[in-house]
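Every number for a ligand or one of its atoms is a count from 1 in the order of the listing.
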Amino acid sequence: MVISAQIPVVAIDGPSASGKGTVATLVAQQLGFHVLDSGLLYRLLALMARQKKVGLDDVPALTMLATTLDAQFKQGQIVVNGVDVSEEVRSEATAAGASQVAAYPLVRLGLLQKQRDYRRSPGLVADGRDMGSTVFPDATLKTYLTASATERARRRYKQLIEKGMHANLSEILQDIEQRDARDARRSVAPLQKCSDAELLDSTSLTIDQVVAKIVMRYRNLDPRLVPSS
Ligand code: C5P
C-alpha cells in the first residue's frame with residue numbers, strides 16, 4: 001500500500017483568475033497526475049448553501065454542509081442534489097459567495113480532509129489559495145501563480161464572453177480586487193506566497209509557457225526530493 005506522503009503533489013496557489021485552473025489541468029495532463037480544483041469545493045458549498053437557504057454567515061450550518069458536501073462529476077457536468085450546476089458554479093456571484101464562506105476557519109477545517117483525499121497515486125496537481133501552506137505543506141513543488149489585476153480581469157471577461165455569458169469589465173475588475181483583499185486579509189489560510197513557493201508572474205506569458213515552466217521545474221527537481229509512489 002502506498003502511503004499518502006509518498007505521493008508527489010504539485011501545488012499551484014494564487015489570486016482569482018490567475019489561470020491556475022487551466023494551468024493545473026494541463027500540468028496534470030502532462031505529468032499524468034490527478035487534479036484538485038479546491039476553489040470548486042468552496043464554490044459548491046456556497047451554491048449548496050443557497051439551494052438549502054443557509055445564510056452565508058451561519059457558520060454551524062455551513063460547517064455541517066462542508067463536511068457532508070457531495071457533488072458528482074459526470075462527463076464534464078457537475079451535479080448537486082440532482083441539479084446540474086456546471087454553469088452556475090462558475091458565475092461571479094458564486095465566486096463571491098465562495099470567498100465569503102472560505103473566510104470561516106471551521107468551514108475550511110470541514111473541507112480539509114476532503115481535499116487531502118485527492119492525493120492519490122501516481123500524483124496530484126492541486127490549485128487554490130492554501131495548497132502549499134496548509135493543505136499540502138509537504139508538497140513536492142510549490143508555485144505561486146499571479147498576474148496583474150487588470151490582466152486577470154481582462155482574461156475573465158474574455159472567458160465569460162466566449163461562453164456567451166453577460167460580462168462587464170470594470171465590474172469584474174472591482175470583484176477581483178475585492179476578492180483578493182478579502183482572501184488576503186482573512187485570519188486563517190490567507191492568500192499569500194509561502195516562503196518555499198516559487199513566484200511565477202504570468203502577466204506577459206501564454207498559458208502554454210506557464211505550463212511548460214512548471215512541468216520543467218518539476219522534472220528538474222532533485223530525484224531525491226520527488227517521492228516515488
Ligand atoms: O479559485 P476560485 O476562484 O474558484 O475560488 C473561489 C473562492 O474560494 C476564492 O475567492 C477563495 O475565497 C476561496 N478559496 C479558498 N481556498 C482555496 C480555494 C479557493 O479560500 N484553496
Side-chain angles (χ1 to χ4, degrees), residues 9-25 27-28 35-50 56-57 59 62-63 65-66 69 71 73 78 80 85-119 124-137 139 142-147 149 151-153 155-157 159-160 163 165 167 172-194 197 202:
V9 175
V10 174
I12 305 177
D13 289 303
S16 327
S18 54
K20 299 181 307 288
T22 312
V23 167
T25 306
V27 169
V35 197
L36 163 63
D37 171 359
S38 61
L40 182 59
L41 300 181
Y42 289 95
R43 286 168 183 263
L44 285 171
L45 182 59
L47 264 188
M48 270 177 69
R50 194 177 329 143
L56 294 186
D57 54 355
V59 178
L62 288 171
T63 307
L65 274 185
L69 185 73
F73 303 92
I78 306 166
V80 177
V85 296
S86 321
E87 279 215 353
E88 209 183 343
V89 84
R90 294 286 163 211
S91 74
E92 290 305 299
T94 304
S99 152
Q100 260 175 278
V101 300
Y104 299 117
L106 282 174
V107 170
R108 301 194 72 85
L109 199 58
L111 288 177
L112 187 60
Q113 193 54 46
K114 219 171 277 295
Q115 296 173 81
R116 290 187 173 153
D117 289 344
Y118 278 78
R119 188 172 193 168
L124 177 70
V125 180
D127 88 73
R129 306 293 186 289
D130 59 343
M131 297 298 99
S133 60
T134 308
V135 182
F136 303 108
K142 300 182 185 181
T143 300
Y144 186 82
L145 182 63
T146 190
E151 175 59 18
R152 288 184 282 128
R155 289 179 191 167
R156 178 57 54 89
Y157 174 81
Q159 231 175 30
L160 292 172
K163 282 190 195 148
M165 291 167 86
I172 294 176
L173 178 59
Q174 207 182 353
D175 280 355
I176 280 185
E177 286 173 339
Q178 276 173 3
R179 207 135 58 90
D180 282 359
R182 192 174 323 129
D183 291 349
R185 70 167 179 250
R186 67 180 175 222
S187 59
V188 62
L191 169 68
Q192 61 179 12
K193 177 189 147 338
C194 43
S202 74

query: What do the steps show when you test Gln159 against Arg156 for side-chain hydrogen bond (donor to acceptor under 3.5 Å, both in side chains), and what is the final call?
result: CA-CA 5 Å; Gln159 231 175 30; Arg156 178 57 54 89; 3.2 Å; yes
task: Starting from the C-alpha separation in whole Å, work towards a yes-or-no answer on side-chain hydrogen bond (donor to acceptor under 3.5 Å, both in side chains) for Arg155 and Thr22.
output: CA-CA 12 Å; Arg155 289 179 191 167; Thr22 312; over 6 Å; no
query: Would Ser99 and Arg179 satisfy side-chain hydrogen bond (donor to acceptor under 3.5 Å, both in side chains), going step by step from the backbone distance to the final call?
result: CA-CA 7 Å; Ser99 152; Arg179 207 135 58 90; 5.6 Å; no
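Regarding atom 8 (O) of ligand 1, its nearest protein heavy-atom neighbour is Tyr42 CB, 3.6 Å. Protein heavy atom at the shortest distance from atom 18 (C) of ligand 1 is Ser38 OG, 3.4 Å. Ranking the protein heavy atoms by distance from atom 6 (C) of ligand 1 puts Arg179 NH1, 3.7 Å first. Closest to atom 3 (O) of ligand 1, if we only count protein heavy atoms, is Arg43 NH2, 3.1 Å. When only non-hydrogen protein atoms are considered, atom 11 (C) of ligand 1 lies nearest to Asp183 OD2, 3.4 Å. Given atom 19 (C) of ligand 1, the protein heavy atom at minimum distance is Gly39 CA, 3.5 Å. Scanning the protein for heavy atoms near atom 16 (N) of ligand 1, the closest one is Arg108 NH2, 3.0 Å.
Closest approach of Ala167 and Ile172 over heavy atoms only: CB-CD1, 4.1 Å. In plain terms, the two heavy atoms of Ala28 and Val35 that are nearest each other are CB-CG2, 3.5 Å. In plain terms, the two heavy atoms of Ser16 and Arg152 that are nearest each other are O-NH1, 2.8 Å. Considering all non-hydrogen atoms of both residues, Ala66 and Val107 come closest at CB-O, 4.0 Å.
Residue Arg186 touches ligand 1 through its side chain alone, judged by heavy-atom distances below 4.0 Å. Under 4.0 Å from ligand 1, the heavy atoms of Met131 that appear belong solely to its side chain. Contacts with ligand 1 closer than 4.0 Å are made by heavy atoms of both the backbone and the side chain of Arg129.
Listed by number with element, the atoms of ligand 1 under 4.0 angstrom from any heavy atom of Ala98 are 6 (C), 7 (C), 8 (O). Using a 4.0 Å cut-off to heavy atoms of Ser99, the atoms of ligand 1 that qualify are 10 (O), 12 (O). Atoms of ligand 1 lying under 4.0 Å from at least one heavy atom of Gly128, given by number and element, are 18 (C), 21 (N). Residue Ala102 approaches ligand 1 through these ligand atoms, each under 4.0 Å from one of its heavy atoms: 12 (O), 13 (C), 20 (O).
In this structure, the side chain of Ser86 engages the main chain of Ile78 through a donor-acceptor pair within 3.5 Å. Not a single donor-acceptor pair under 3.5 Å links the side chain of Thr94 to the backbone N or O of Arg90. Using modelled atom types, no side-chain atom of Lys20 and backbone atom of Leu145 make a donor-acceptor pair closer than 3.5 Å.
Looking at Arg90 next to ligand 1, no N or O pair under 3.5 Å apart turns up. When only interatomic distances are considered, the shortest N/O to N/O separation between Asp130 and ligand 1 falls below 3.5 Å.
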